[in-house]
Number of protein chains: 2
Amino acid sequence: MTNDGTTAGAASKTDGPATGSGDIARSLELLWGTGERPSRGPKPGLTLDRIVTAAVAVADAEGLAAVSMRRLSTELGTGTMSLYRYVPGKSELLDLMFDRVLGEPFADHPGEPPADWREAVDRMARGHLDTLRRHPWLLKINQARTVLGPSALRGLELALTGLRGMGLRDPELIGVIIAVNSFVEGLARTQADEAEAVAQTGLSDEAFWDNQRPYLERAMLSGAYPMMAGMAEDTFSSDFDRFEFGLQRLIAGFDVLVRERAAERAASRT
Amino acid sequence: MTNDGTTAGAASKTDGPATGSGDIARSLELLWGTGERPSRGPKPGLTLDRIVTAAVAVADAEGLAAVSMRRLSTELGTGTMSLYRYVPGKSELLDLMFDRVLGEPFADHPGEPPADWREAVDRMARGHLDTLRRHPWLLKINQARTVLGPSALRGLELALTGLRGMGLRDPELIGVIIAVNSFVEGLARTQADEAEAVAQTGLSDEAFWDNQRPYLERAMLSGAYPMMAGMAEDTFSSDFDRFEFGLQRLIAGFDVLVRERAAERAASRT
DNA sequence: CCGAACTGGGTACACCGTACCCGATTATGA
DNA sequence: TCATAATCGGGTACGGTGTACCCAGTTCGG
């Protein structure tokens with residue numbers, strides 16, 4: 001399988017007027033295209049694949065902010081402007097990075113059976129969390145116009161297959177997927193923000209909390225926050241797995257609906 | 001953001017790079033401090049409050065990318081560097097914008113009763129979604145080290161008060177809040193990304209879809225995505241309210257746990 | 001009333017994305 | 001065979017960013 005995968009969304013700034021900013025057609029060509037090159041000029045010394053790979057590597061190692069065209073060019077040993085022979089602009093590159101990385105979870109594990117829809121949801125949530133932990137910069141990319149790359153389609157297909165057994169209507173299945181993914185992304189974002197803050201300030205979480213404590217204690221003693229002041233010691237302990245808690249609540253909530261529908265079907269069959 | 005090359009030491013004296021992202025102590029002082037000014041030099045012509053207000057206004061109107069120190073200075077009619085007399089750096093300004101805006105929902109409606117915990121969750125979710133829709137740039141700010149401003153504390157206090165009746169343990173209550181807020185943020189992010197994409201590319205969603213269609217149809221015909229190919233027409237229709245769906249599932253999931261706990265308590269009372 | 005403490009802000013630097021353009025390379029049409 | 005059109009590599013330049021550094025002007029405590 002030839003093509004690198006991908007999809008994407010646009011993300012950039014500046015209300016640049018003219019010039020082909022946001023050339024969707026070009027983006028799609030890069031995402032799905034075969035990449036047959038015209039045979040007139042000299043052979044390209046680079047490939048899109050290498051550029052995307054380098055970009056993902058830099059983003060994984062040093063964050064999305066470190067991914068600049070200049071940085072990538074030195075990483076690849078070329079001139080900065082050469083990159084623009086392969087990618088129309090940076091936002092398109094982000095699109096490609098996005099779809100590249102979305103394809104990972106399915107490349108990993110082979111086939112295996114989802115068995116139960118509960119397990120499918122569980123696996124979907126864990127898989128997504130895993131991807132986001134591996135590539136926290138995914139959370140900073142505009143996902144709006146990214147949905148339709150090959151990797152994204154493949155993921156959606158797999159998810160839907162696993163949820164088939166719920167017996168819900170199609171829009172509801174999409175609702176299930178979105179609810180789970182939204183929840184996971186929220187948690188992942190919190191974790192990613194924390195890691196980023198540690199990296200940027202050089203201050204650990206404990207040190208940060210210690211800094212806050214005097215202000216916080218004064219606030220508690222003020223009487224303005226009675227609920228918070230009366231909370232148990234272990235309330236914010238890391239022993240409590242908030243991912244597990246939320247996921248189980250979601251699954252339980254889905255289960256209620258699934259049972260309702262099953263009951264309705266049974267009733268209407270009489 | 002992007003810090004300069006200087007080390008992140010953050011020691012207050014010595015060869016002072018200092019500045020930079022994340023002087024926590026200074027941030028806290030700004031968040032909670034009384035702002036008593038020293039009485040030796042000339043009176044300040046600006047206030048922190050005016051700066052934050054202007055920043056929020058610009059962010060609301062044109063997005064977070066439009067909030068630059070130069071832009072704010074022209075907006076306020078001062079020199080760019082003057083702003084640094086009031087704020088240590090841009091990241092601290094973002095913190096202040098964050099807390100400013102978090103305070104809004106509680107300023108709006110007066111007291112009223114939450115009545116049921118279900119209603120409290122419902123109101124919490126809707127309120128958060130509302131805030132995020134009004135200020136989509138909130139989703140782009142690092143929330144990790146921002147949690148403890150006065151507005152954030154007030155919001156947490158109110159939420160906890162509303163959830164008191166669930167009869168869950170304290171860490172679980174936090175889990176409820178996080179699950180709901182994560183879900184809401186995920187949905188809000190999708191919407192915000194969409195709006196941003198439209199604004200940046202000047203391409204409506206329909207136009208975007210039309211561009212995708214040929215690629216998508218080819219993918220469907222390839223047989224690689226049987227589930228998706230067989231989906232109902234209305235699957236991605238906007239008639240289906242995914243916010244409502246997810247929220248009701250979460251509440252149902254919480255309800256299961258609440259009932260379990262109540263049953264346990266009743267049993268242990270015999 | 002002098003000087004310390006403070007405010008305002010100009011200049012400069014490093015970095016960013018990328019428009020524009022030119023020379024080198026290469027396959028094609030005559 | 002060879003001129004030429006097409007393509008690649010990449011240097012230079014522009015307008016943007018955050019902010020370090022420094023100096024001039026203002027105000028009040030001693």
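In this structure, B:Leu76 atom CG and C:dT7 atom P are separated by 17 Å, rounded to whole Å. To the nearest angstrom, P of D:dT12 lies 18 Å from OH of A:Tyr84. When the P atom of C:dG8 is taken as reference, atom CG of B:Leu83 falls 10 Å away, rounded to whole Å. When rounded to the nearest whole Å, the span between CG of A:Leu72 and C1' of C:dC15 equals 15 Å. The distance from atom CG of A:Leu48 to atom P of D:dC8 is 12 Å, rounded to the nearest whole Å. Between A:Arg85 atom CZ and D:dG11 atom P there is a gap of 13 Å when expressed in whole angstrom units. To the nearest angstrom, C1' of C:dT11 lies 10 Å from CE of B:Met81.
The nearest pair of heavy atoms linking B:Ala66 to B:Arg71 is O-CG, 3.5 Å. Considering all non-hydrogen atoms of both residues, B:Leu83 and B:Met69 come closest at CD1-O, 3.3 Å. A:Val67 approaches A:Ala55 most closely through the heavy-atom pair CG2-O, 3.7 Å. Here the closest heavy-atom approach between residue B:Thr80 and residue B:Ser73 is recorded as OG1-OG, 3.2 Å. A pairwise comparison of heavy atoms in B:Asp99 and B:Ala152 identifies OD1-N, 3.7 Å as the closest pair. Of all the heavy atoms in A:Tyr86 and A:Pro44, the pair that sits closest is OH-CB, 3.2 Å.
Judged as a side-chain hydrogen bond (donor to acceptor under 3.5 Å, both in side chains), and not counting sequence neighbours, A:Arg50 has no contacts. Taking the side-chain hydrogen bond (donor to acceptor under 3.5 Å, both in side chains) definition, one finds that B:His135 meets it with B:Asp60, B:Glu104, sequence neighbours left out.
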I'd like a list of close polar pairs between nucleotides 1-5 of chain D and the protein, N/O only, cut-off under 3.5 Å.
{"unit_1": "D:dA5", "atom_1": "N3", "unit_2": "A:Arg40", "atom_2": "NH1", "d": "3.4"}

Return the polar atom pairs (N/O with N/O) between nucleotides 14-17 of chain D and the protein under 3.5 Å, or none.
{"unit_1": "D:dT17", "atom_1": "OP1", "unit_2": "B:Ser68", "atom_2": "OG", "d": "3.0"}

Salt bridge (charged side-chain N to carboxylate O under 4.0 Å, His left out) for A:Arg70 and A:Glu75? Distances and angles first, verdict last.
CA-CA 9 Å; A:Arg70 274 173 245 262; A:Glu75 205 84 18; over 6 Å; no
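Set against D:dG25, D:dC28, C:dT25, the side chain of A:Pro42 has C:dT25 as its closest nucleotide.
Among the atoms of the strands shown, only primed sugar atoms or phosphate atoms (P, OP1, OP2) are found under 4.0 Å from some heavy atom of B:Thr78.
Applying the 4.0 Å criterion to OP1 and OP2 of D:dG10, one finds that A:Ser82 has a side-chain N or O inside that range. Using a 4.0 Å cut-off, some side-chain N or O of A:Tyr86 falls inside it from OP1 or OP2 of D:dG9.
Relative to the axis of its first five pairs, the axis of the last five pairs of the helix from C:dC1-D:dG30 to C:dA30-D:dT1 sits at 20°, rounded to 10 degrees.
Side-chain atoms of B:Ser182 and A:Arg189 form no donor-acceptor pair, as typed in the model, at a separation below 3.5 Å.
Using cut-offs of 30° and 60° on the angle between ring planes, the pair A:Phe236 and A:Trp209 is tilted.
Looking at A:Glu157, its side chain does come within 3.5 Å of a backbone N or O of B:Met228 through a donor-acceptor pair.
Residues of residues 51-61 of chain B having a heavy atom closer than 4.0 Å to DNA chain D: none are found.
Of the inter-residue distances, the one linking A:Asp193 atom CG with B:Asn142 atom CG reads 3.5 Å to the nearest 0.5 angstrom.
Salt bridge absent: B:Arg126 and B:Asp130 never bring a charged side-chain N and a carboxylate O closer than 4.0 Å.
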